[in-house]
Each structure stands twice: as C-alpha cells, then as structure tokens.
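A quick write-up on the structure given underneath.
These numbers come from a predicted model, not from an experiment.
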Amino acid sequence: MKMHAMVLDRPGEPLQERFVERPTPGEGEILVRVLACAVCRTDLHVVDGELPDPRLPLIPGHEIVGTVIEKSKEVKNFAIGQRVGIPWLAETCGVCRYCREGRENLCDRARFTGYTRDGGYAEFAVARADFCFALPEDYTGVEAAPLLCAGLIGYRALCKTGDAQRVGLYGFGAAAHLVAQVARFQGKEVFAFTRPGDEAGQAGARRLGAAWAGGSDETPPKPLDAAIIFAPVGSLVPQALREVRKGGIVVCAGIHMSEIPAFPYAILWGERTLCSVANLTRQDGEEFLHLAPRAGIRAEVDLFPMRRANEALESMRKGKLRGSTAVLVPDWVDPSEPMEP
C-alpha cells in the first residue's frame, strides 16, 4: 500500500510531496496513523544540511502524535486505537556502556526519528513501541506534539541546572516557552533573552511569568545561577558565562550551534560549568509527561497543513511564527484526487 509523505531527497532542497510505500511494523514495532507532527528546529538543521549523514531519501519529523493501527505480536504496552507519542530517540543498542549506565541518550548506535529513521511528515509512521510514550489525556494531539522534543529537551536542560533559582533562557522559541512554564511551576525566577529588539517576544516571556525579559545583548538586573542556550548561536556562550555567577552553569541545549568564539578564561573561572545536552532518555520523557499536566504546560502553536511543511520550515527559519512553534496536521484527503492503492 502507498501513503502520502513529504520527502527530503537532498539537504538544502525543498521537501517533495509524493506517494511512498506505507511502512510495515517489524518485531517490537507499532504502526501509527499520524494525527499531528510538530516542527522542530532540529528538522531545520536536517533539511538545511547542518547535521551529517541523514538517511536519504528521508521523511522528517520527530514530534509525532498518532493512533496505533497495527502492531507486532511482541508489543504489550500499547493497544490498537491507543494514542501515542513518538520522540526523537528511536532506538538504542541497550548493551553499550552508556546504555548500561542509564545514559542511553549517548549511545553510539542510537537511531533517531526523522533523521536516521523516517519520521512523521507523512500519513503513517512506524516506531519501536518501547521508545514511544503514552500521552496525558489533558492534551489534544496538536497540544501534545511539541512536548515530545521541545518539552523533553527543555526539561532535560533544566534538570542540568540543579537547584538554580535564577535561570536565564537564551533564545525564546518552542523549548524556552515550555521550560519557562516548568521553571515557574518549580518556583524559579526566569530571565528571558530574545533577539535584540524583539519586543513581542519579550512581552510573551513576561506573560509566561518571566521576572525580566530583554535582548540577548543586555545584562539582566541580577546575576544568574544558570543559563540555558536554546538559540544555535555560538557567540551566546561567552555572553551567558559573563552573566552567570561563580559556581553557576551554562547549558547548551541545541543539537547544532555555530562556532563558539574564543573567550577569556576569567569568565569561566570561579568554578563555572559549561556543558551540553544530547538527545533524551526515556526516563526524561516519562518524568516530563507526568509533570506537564500538573504544571499546566501549554505550547503556543501555529497550525499548518502537512502539505505546507516547507512553508512551516521557512516561517521557523525566518522567525516569523506567531506562536512558539509550528504543528503540521494531515490534509492529504482531497476528493478531487483519487488515492492510489
């Protein structure tokens, strides 16, 4: 059987709509009918060729909400008709040092949805059931989709900051919108840094409870205990280090970042820590999806029909989204266009 999909043939080129073979679930896998797929900045990095060696041709998308329509006999944790979330981490080897130590996000043989496995810019998607998540009933499919990467990575990055009370967020996109809500729920002070001159973004941050919001070139009114950098801009690293107190931490939360410029040792000295966040673990997902409804976490989304995935990516690329992220919803059925078998 065939299905509609948006396909990346070569990085740097627009996605192409075409009919492709509908996947069949293998051992331990489920087949879902896609209800919604959020657009992540990582999708941009894949499509623009900033991440190496994607599977090609590739169906992007790794914040997938879908309904199980088929499963292999080994799958016990999901039922036919159940709604599930498919995240970035698609599978790991389970036997390497990192997997044995509970750090499966660092597995050298990991595979990733919408990067090294086909993703959710399509009618259907296949995934390993043991890497999928049951979703809180509090959310629609559109509301749940951004939680599956922006939420999970933001949550993991926030956990890296430990007991920090004053947390700076550089780059106020999808992940920062969500993690700001988590931080406020935990009683932390949030300091939001946007593009210089982005008054609308700063006003949005204040609406979410930020104690202060300003441009990334500004100094906050108080020293930060920690900073999380979501924007893929290397020059923000020394900027954030200058705003973090001694003993504080700067967390780089993106999968890709431009070159970090040289900086004086003095702004790292004082036992400041600089670290990155890589991928996620299934434990991160379980914890965050349990926390999200209790904290009232909500994403501000712009809806796009799946066929307009290129437009959604371009809006994100140029910072023109009205909400914090874009979500693609199926629009394949066209009465004037008969479906191929």
Side-chain angles (χ1 to χ4, degrees), residues 38-46 48 50-51 62-63 87-88 105 145-161 164 166-184 188-196 198 200-202 204-206 208-210 212-218 220 224-241 243-244 248-260 273-280 284 288 297 299-301 313 315-321 323-326:
V39 178
C40 179
R41 184 160 291 277
T42 299
D43 297 342
L44 270 184
H45 295 318
V46 172
D48 291 347
E50 293 169 331
L51 295 183
H62 59 274
E63 297 177 284
W88 168 250
N105 59 307
L147 305 181
L148 292 165
C149 187
L152 296 185
I153 290 298
Y155 174 74
R156 184 173 180 85
L158 184 63
C159 289
K160 287 281 189 183
T161 68
R166 296 174 185 163
V167 180
L169 305 178
Y170 284 80
F172 212 75
H177 273 78
L178 296 174
V179 79
Q181 296 173 64
V182 177
R184 293 297 301 125
K188 301 175 185 292
E189 279 189 287
V190 172
F191 296 76
F193 297 82
T194 69
R195 290 186 180 95
D198 183 5
Q202 293 161 23
R206 286 189 286 269
L208 290 174
W212 175 88
S216 57
D217 57 347
E218 296 182 51
L224 305 175
D225 298 322
I228 304 173
I229 301 176
F230 292 110
V233 181
S235 60
L236 291 176
V237 171
Q239 180 72 18
L241 282 170
E243 308 303 348
V244 169
I249 184 170
V250 173
V251 181
C252 299
I255 193 171
H256 170 80
M257 181 178 276
S258 61
E259 290 292 320
I260 300 172
T273 300
L274 176 63
C275 75
S276 67
V277 163
N279 312 315
L280 65 134
D284 295 328
F288 177 70
I297 306 303
E300 300 171 358
V301 304
L313 288 164
S315 294
M316 177 173 284
R317 185 183 286 112
K318 293 185 175 179
K320 292 185 176 180
L321 293 174
S324 61
T325 193

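In this view, Glu218 satisfies the side chain to side chain donor-acceptor pair (under 3.5 Å) rule with no residue, not counting sequence neighbours. Qualifying salt bridge (Lys or Arg N to Asp or Glu O under 4.0 Å) partners for Glu189, counting only residues two or more places apart in sequence or in other chains: Arg166, Lys222. Residues meeting the side chain to side chain donor-acceptor pair (under 3.5 Å) test with Arg156, sequence neighbours left out: Asp284. For the side chain to side chain contact (heavy atoms under 4.5 Å, CB included) test, residues two or more places apart in sequence or in another chain that qualify with Ala157 are Ile228, Val251, Ala253, Val277. For Asp217, there are no side chain to side chain donor-acceptor pair (under 3.5 Å) partners at least two apart in sequence or on another chain. By the ring-ring contact (aromatic ring centres under 6.0 Å, His included) test, Phe230 pairs with no residue at all, sequence neighbours left out. For Thr273, the side chain to side chain contact (heavy atoms under 4.5 Å, CB included) partners at least two apart in sequence or on another chain are Ile249. Among residues two or more places apart in sequence or in another chain, the side chain to side chain contact (heavy atoms under 4.5 Å, CB included) test is passed with Lys320 by Lys318. Listed by chain and residue number, nothing satisfies the salt bridge (Lys or Arg N to Asp or Glu O under 4.0 Å) test with Arg206 (two or more places apart in sequence, or in another chain). Residues meeting the side chain to side chain contact (heavy atoms under 4.5 Å, CB included) test with Ala240, sequence neighbours left out: Tyr170, Ala227, Ile229, Val250. Residues meeting the side chain to side chain donor-acceptor pair (under 3.5 Å) test with Gln202, sequence neighbours left out: Thr194.
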Could you list the donor-acceptor pairs under 3.5 angstrom formed by side chains in residues 172-182, with sequence neighbours left out?
residue, atom, partner, partner atom, Å
His177, ND1, Phe172, O, 3.3
His177, ND1, Gly173, O, 2.7
Gln181, OE1, Arg298, N, 2.9
Gln181, NE2, His177, O, 3.0
Gln181, NE2, Arg298, O, 2.7

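A salt bridge links Asp48 and Arg317; the closest N-O separation between the charged side-chain nitrogens and carboxylate oxygens is under 4.0 Å.
Side-chain atoms of Asn105 never come within 3.5 Å of backbone atoms of Asn279 as a donor-acceptor pair (strictly under, hydrogens ignored).
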